[in-house]
Amino acid sequence: MALATRQGANAPHINLYSDTQTLPTPNMRRAMAEAPVGDEQSFADPSVNALCERVAALLGQEAAVFLPSGTMCNEIAIRVHCRPGDEVIAEASCHILNFEGGGPAALSGVQIAPLPGERGIYTAEQAEAAIRPDHRYAPRSALLEVENTANMGGGTVWPLQAVRAVTDIARAHGLATHLDGARLPNAVVASGTSADEYGACFDSVWIDLSKGLGCPVGAVLAGSSAFIDEAWRWKQRMGGAMRQAGILAAAGLHALDRHWDRLAEDHANAALLAGALAQIDGFSVEPCETNILFFDVGGTGRSAAEIASRAGEAGLRVGAMGPTRMRAVTHLDVSRSDCEEAARILAEAAA
Ligand SMILES: *Cc1c(COP(=O)(O)O)cnc(C)c1O
């Protein structure tokens, strides 16, 4: 009933499509309504200022800037670190290469050197081999990017040692380093490595507020004061400077207090779902480390699109990510019993 009112009567009653699907809770809406606000682009919004200070400290960085989306965090960071003609080293399935509309090429004039990783994680040896010789024939290797957790890798957590191995190589060769931390909170909760230990390895790092943290809008990009000054110039140019954005920042402050530690529940629910899906004939389930679960349905003789559509008719939304590869993502609005029901629906859809 509550869900029907919030999402509309025809919406699926279990939504495992993405952790972007969360709706702001009543307490979050209250925090937003009561937020002290001001003019964000003249640094006069107390809620935005508080959020930026808090996230900078959380990520082991000097300063931070509030942006409308994680995509804008990535695109601005690339623009600040690189010049046209430069090359960015990243894993082949990463967001900047596959899901940002060609932004790195269009907005920064850079090309990406995609490394084939293991579930989204590449090695120091691969990174070192990808760094170009300093020669006029070659593009200049300017930036090394890590995505943690690695979304298309399967919500994979980069161990701190693996991060340090690649960022040390980058630094030794004069490359800047950037962390796409859309789901860094999930990596922190799953690994026990703190956000500032991860964050301090990089020249720039951001977290998304609108994924597992459950806010309607926003992301926060952190780095040195000089980096953030330059990021602000690009935020202004790209039209990302806001006014009384404290309404949105208040949701972020609320989420940092209330929705960070509970990500462990999402991970437990995803693990439960993984166990249940592994029982279904013809399903092959990938390892599940956080809130993202990939599984292959090729063994059922049905396509991912067919199973997604059959599940949709039964009230479950899941993602078809390839001909037979599917994705389910747990979040704030999905309970343990929703996951049990989702497994039943998928078993029927497969039969
Ligand atoms: C969602 C996502 C982004 C983009 O964030 P938006 O806030 O949706 O723009 C970037 N990187 C990764 C790994 C993501 O999952």
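Each ligand, and each atom within it, is numbered from 1 in the order the structure gives. Computed over heavy atoms, backbone and side chain alike; hydrogens, waters and symmetry mates excluded. The structure presented is a predicted model; accordingly, all values stated were derived computationally and were not measured.
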Show every donor-acceptor pair shorter than 3.5 Å between a side-chain atom in residues 222-234 and any protein atom, with sequence neighbours excluded, or say none if there are none.
| from | atom 1 | to | atom 2 | distance (Å) |
| --- | --- | --- | --- | --- |
| Ser224 | OG | Phe227 | N | 3.0 |
| Ser225 | OG | Glu62 | OE1 | 2.9 |

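- For the pair Arg325 and Phe294, the distance from NZ or CZ to the six-membered ring centre is under 6.0 Å and the angle to the ring normal is within 45 degrees.
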Under 3.5 Å: N or O atoms of ligand 1 paired with protein N or O:
| from | atom 1 | to | atom 2 | distance (Å) |
| --- | --- | --- | --- | --- |
| ligand 1 | 5 (O) | Asp208 | OD2 | 3.0 |
| ligand 1 | 7 (O) | Gly70 | N | 2.8 |
| ligand 1 | 7 (O) | Asp208 | OD1 | 3.4 |
| ligand 1 | 7 (O) | Asp208 | OD2 | 2.7 |
| ligand 1 | 9 (O) | Gly70 | N | 3.3 |
| ligand 1 | 9 (O) | Thr71 | N | 2.8 |
| ligand 1 | 9 (O) | Thr71 | OG1 | 2.7 |
| ligand 1 | 11 (N) | Asp180 | OD1 | 3.2 |
| ligand 1 | 11 (N) | Asp180 | OD2 | 2.6 |
| ligand 1 | 15 (O) | Asn151 | ND2 | 3.3 |
| ligand 1 | 15 (O) | Arg183 | NH1 | 2.8 |
| ligand 1 | 15 (O) | Lys211 | NZ | 3.0 |

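- Applying the salt bridge (charged side-chain N to carboxylate O under 4.0 Å, His left out) test to every pair with at least one member in residues 291-314, sequence neighbours left out, gives these pairs: Arg302-Glu306.
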Side-chain atoms of residues 339-351: list all donor-acceptor pairs with protein atoms under 3.5 Å, sequence neighbours left out, distances to 0.1 Å.
| from | atom 1 | to | atom 2 | distance (Å) |
| --- | --- | --- | --- | --- |
| Glu341 | OE2 | His13 | NE2 | 3.0 |

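- Expressed to the nearest 0.5 Å, how far CG of Asp180 lies from CD of Glu145 amounts to 5.5 Å.
- In the model, His267 has no side-chain atom that pairs as donor or acceptor with a side-chain atom of Glu289 under 3.5 Å.
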